[in-house]
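For reference, the structure discussed in these notes is given below.
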Amino acid sequence: MATYLKVSSAWVWKQVRSNTGFPFVKLGSRNYRFDPVKVRAWVDRQSSEGQP
């Protein structure tokens with residue numbers, strides 16, 4: 001997901017941990033999945049609201 005968004009993996013995990021609404025599905029205790037369409041929509045909403 002970090003490569004897809006051109007950000008660091010630390011940024012992605014920060015979004016997951018901070019409960020900002022970043023879309024993901026947790027499978028088990030250590031597996032996470034991301035839907036690129038939902039993530040892109042979330043990023044677009046954040047930018048239209050003026051948030052980084």
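Owing to the predicted nature of the structure, the values given are computational and were not obtained by experimental measurement.
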Under 3.5 Å donor-acceptor pairs involving side-chain atoms of residues 17-25, not counting sequence neighbours:
residue : atom : partner : partner atom : Å
Ser18   : OG   : Lys14   : O            : 2.8
Ser18   : OG   : Gln15   : O            : 3.4
Thr20   : OG1  : Gln15   : OE1          : 3.2

Original post:
Applying side chain to side chain donor-acceptor pair (under 3.5 Å), which residue pairs with at least one partner in residues 21-30 are found, sequence neighbours left out?
Top reply: none

Original post:
Can you tell if the side chain of Met1 reaches within under 4.5 Å of the side chain of Pro36, non-hydrogen atoms only?
Top reply: yes

Original post:
Can you name the side chain to side chain contact (heavy atoms under 4.5 Å, CB included) partners of Thr3, sequence neighbours left out?
Top reply: none

Original post:
Mind checking whether Val43 and Arg40 have side chains closer than 4.5 Å, heavy atoms only?
Top reply: yes

Subject >> Full working for side-chain contact (heavy atoms from CB on, under 4.5 Å) between Val12 and Tyr4 >> reply: CA-CA 11 Å; Val12 172; Tyr4 174 74; over 6 Å; no

